[in-house]
**Student:** 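Sharing a structure with you now.
All values below come from the heavy atoms of this structure, side chains included, with hydrogens, waters and symmetry mates left out. Residue numbers run from 1 in the order of the sequence given.
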Amino acid sequence: VQLQASGGGLVQPGGSLRLSCVVSGRFFSINAMGWYRQAPGKQRELVVGISGGGTRIYADSVKGRSTISRHNAENTVYLQMNTLKPEDTAVYYCNAMVGWSNYWGQGTQVTVSS
């Protein structure tokens, strides 16, 4: 199982980005999916998660500014982030629970700066 994240980049404060993560490989189904981020000198933290049934959980820091969605037929999870702030700058990692195993993508850099 492999996860391939994309969509990061440089954006000005107040701007928007959409991250995508495709899960590939041989598996029966994907359970929970999510996005984490790690800023320099900080621990990796959960940004948002979505269960197999569609239940979402958002970190307080992004609540109201971000939306997670998943396209099960395409094994893809998306993160739409709006009104971005400099403190959103981090490497964003997608995560997927496949069976009883936890998998990570390679990370995509998001930099919010003027």
Side-chain angles (χ1 to χ4, degrees):
V1 176
Q2 293 183 330
L3 279 65
Q4 181 67 46
S6 60
L10 174 64
V11 62
Q12 292 187 343
S16 298
L17 275 179
R18 189 192 194 206
L19 305 182
S20 302
C21 179
V22 180
V23 183
S24 61
R26 298 186 66 181
F27 51 86
F28 179 70
S29 63
I30 303 171
N31 299 320
M33 305 180 80
W35 291 92
Y36 290 71
R37 66 185 180 188
Q38 187 167 17
K42 295 187 176 181
Q43 290 187 333
R44 191 173 297 188
E45 62 177 2
L46 174 67
V47 178
V48 58
I50 183 169
S51 71
T55 300
R56 297 166 172 83
I57 180 169
Y58 292 91
D60 288 342
S61 58
V62 303
K63 200 173 293 184
R65 302 189 294 120
S66 298
T67 302
I68 188 170
S69 59
R70 60 190 289 173
H71 193 308
N72 291 329
E74 296 182 353
N75 299 320
T76 303
V77 63
Y78 303 97
L79 176 60
Q80 176 69 42
M81 297 190 295
N82 303 318
T83 320
L84 284 161
K85 306 175 181 180
E87 50 264 44
D88 293 317
T89 295
V91 178
Y92 284 71
Y93 297 90
C94 60
N95 174 272
M97 284 293 296
V98 181
W100 295 104
S101 299
N102 197 27
Y103 296 91
W104 294 92
Q106 84 285 4
T108 183
Q109 177 71 45
V110 173
T111 302
V112 184
S113 174
S114 56

**Student:** Side-chain heavy atoms nearer than 4.5 Å, only ILVMFWY residues, links allowed to pass through others: does that put L3 and Y36 together?
**Tutor:**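 Per the 4.5 Å side-chain linkage, L3 and Y36 are not co-clustered.
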**Student:** Out of curiosity, Q109 CD to T89 OG1, how far, rounded to the nearest 0.5 Å?
**Tutor:**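 With rounding to 0.5 Å, CD (Q109) is 7.0 Å from OG1 (T89).
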**Student:** Which atom pair, heavy atoms only, marks the closest approach of Y78 to E74?
**Tutor:** OH-OE1, 3.9 Å
**Student:** Does atom CD of E87 have more than 12 heavy-atom neighbours, drawn from other residues, nucleotides or ligands, at distances under 6.0 Å?
**Tutor:** yes
**Student:** Taking the side chain from Q106 and the backbone from A5, do they hold a donor-acceptor pair closer than 3.5 Å?
**Tutor:**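 Judged by distance alone, yes, a pair lies under 3.5 Å.
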**Student:** With a 4.5 Å limit on heavy-atom distance, are the side chains of R37 and S61 in contact?
**Tutor:**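 The answer is yes; the side chains approach within 4.5 Å.
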**Student:** Can you name the closest pair of heavy atoms from D88 and T83 and give their distance?
**Tutor:**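 Looking at all heavy atoms of both residues, the closest pair is OD2-O, 4.4 Å.
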**Student:** With side-chain contact (heavy atoms from CB on, under 4.5 Å) as the criterion, how do S16 and V11 come out once you've worked through the C-alpha distance, each side chain's angles and the decisive distance to 0.1 Å?
**Tutor:** CA-CA 7 Å; S16 298; V11 62; over 6 Å; no
**Student:** Does W104 share a hydrophobic cluster with V91, counting links as ILVMFWY side-chain heavy atoms below 4.5 Å and allowing steps through other members?
**Tutor:** yes
**Student:** How far apart are the C-alpha atoms of W35 and V77, what are their side-chain angles, what is the distance that settles it, and do they pass the side-chain contact (heavy atoms from CB on, under 4.5 Å) test?
**Tutor:** CA-CA 9 Å; W35 291 92; V77 63; 3.9 Å; yes
**Student:** Verify side-chain contact (heavy atoms from CB on, under 4.5 Å) between I68 and M33, making sure each step is shown before the conclusion.
**Tutor:** CA-CA 9 Å; I68 188 170; M33 305 180 80; 5.6 Å; no
**Student:** Taking all non-hydrogen atoms of both residues, which atom of P13 and which atom of S114 are closest, and how far apart?
**Tutor:**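 Looking at all heavy atoms of both residues, the shortest contact is CD-N, 3.7 Å.
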**Student:** Only pairs at least two apart or in different chains count here, so list each disulfide (SG to SG under 2.5 Å) that has a residue in residues 44-91.
**Tutor:**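 Output for this query is empty, none listed.
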**Student:** Quick one, T67 and Y58 - any side-chain contact, counting heavy atoms below 4.5 Å?
**Tutor:** yes
**Student:** Once you round to the nearest 0.5 Å, how far does OG of S66 lie from CG of L79?
**Tutor:**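 The OG atom of S66 sits 5.5 Å away from the CG atom of L79.
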**Student:** Which pair of heavy atoms, one from G105 and one from Y93, lies closest together, and at what distance?
**Tutor:** O-CD2, 3.6 Å
**Student:** Any disulfide (SG to SG under 2.5 Å) pairs touching residues 45-114, not counting sequence neighbours?
**Tutor:**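 Non-adjacent pairs meeting disulfide (SG to SG under 2.5 Å): C21-C94.
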**Student:** Would you check if the side chain of R70 reaches a backbone N or O of S51 as a donor-acceptor pair within less than 3.5 Å?
**Tutor:**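 It does hold such a pair.
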**Student:** How close do S29 and V98 get, heavy atom to heavy atom, and via which atoms?
**Tutor:**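 Smallest interatomic distance, heavy atoms only, reads O-CG1, 3.7 Å.
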**Student:** Are V22 and F27 linked, directly or through other ILVMFWY residues, by side chains that come within less than 4.5 angstrom of each other?
**Tutor:** no
**Student:** Within the supplied structure, the quantity of interest is the number of heavy atoms (other residues, nucleotides, ligands) at a distance under 6.0 Å from I57 CD1; does it exceed 12?
**Tutor:**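 No - once you tally the heavy atoms of other residues, nucleotides and ligands closer than 6.0 Å, there are 12 at most.
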**Student:** Please collect all salt bridge (charged side-chain N to carboxylate O under 4.0 Å, His left out) contacts where either partner lies in residues 46-60, sequence neighbours excluded, each pair once.
**Tutor:** D60-K63
**Student:** If we ignore hydrogens and angles and just use 3.5 Å, is the side chain of N95 paired with the main-chain N or O of Y103 as donor and acceptor?
**Tutor:**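 Side chain of N95 to backbone of Y103, a donor-acceptor pair under 3.5 Å: yes, one is there.
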**Student:** Indicate whether the side chain of Q4 and that of S6 have a donor and an acceptor atom separated by less than 3.5 Å.
**Tutor:** no
**Student:** Going from CG on N31 to OG on S101, what distance comes out if it is rounded to the nearest 0.5 angstrom?
**Tutor:**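 Those atoms lie 10.5 Å apart.
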**Student:** Determine, using the 4.5 Å side-chain heavy-atom cutoff (strictly less than), whether V48 and V110 are members of one ILVMFWY cluster.
**Tutor:**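 Result: yes, single cluster for both.
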**Student:** Taking side chain as C-beta onward, heavy atoms only, is S69 less than 4.5 Å from I50?
**Tutor:** no
**Student:** Pair L19, M81 - check side-chain contact (heavy atoms from CB on, under 4.5 Å), show working.
**Tutor:** CA-CA 8 Å; L19 305 182; M81 297 190 295; 4.1 Å; yes
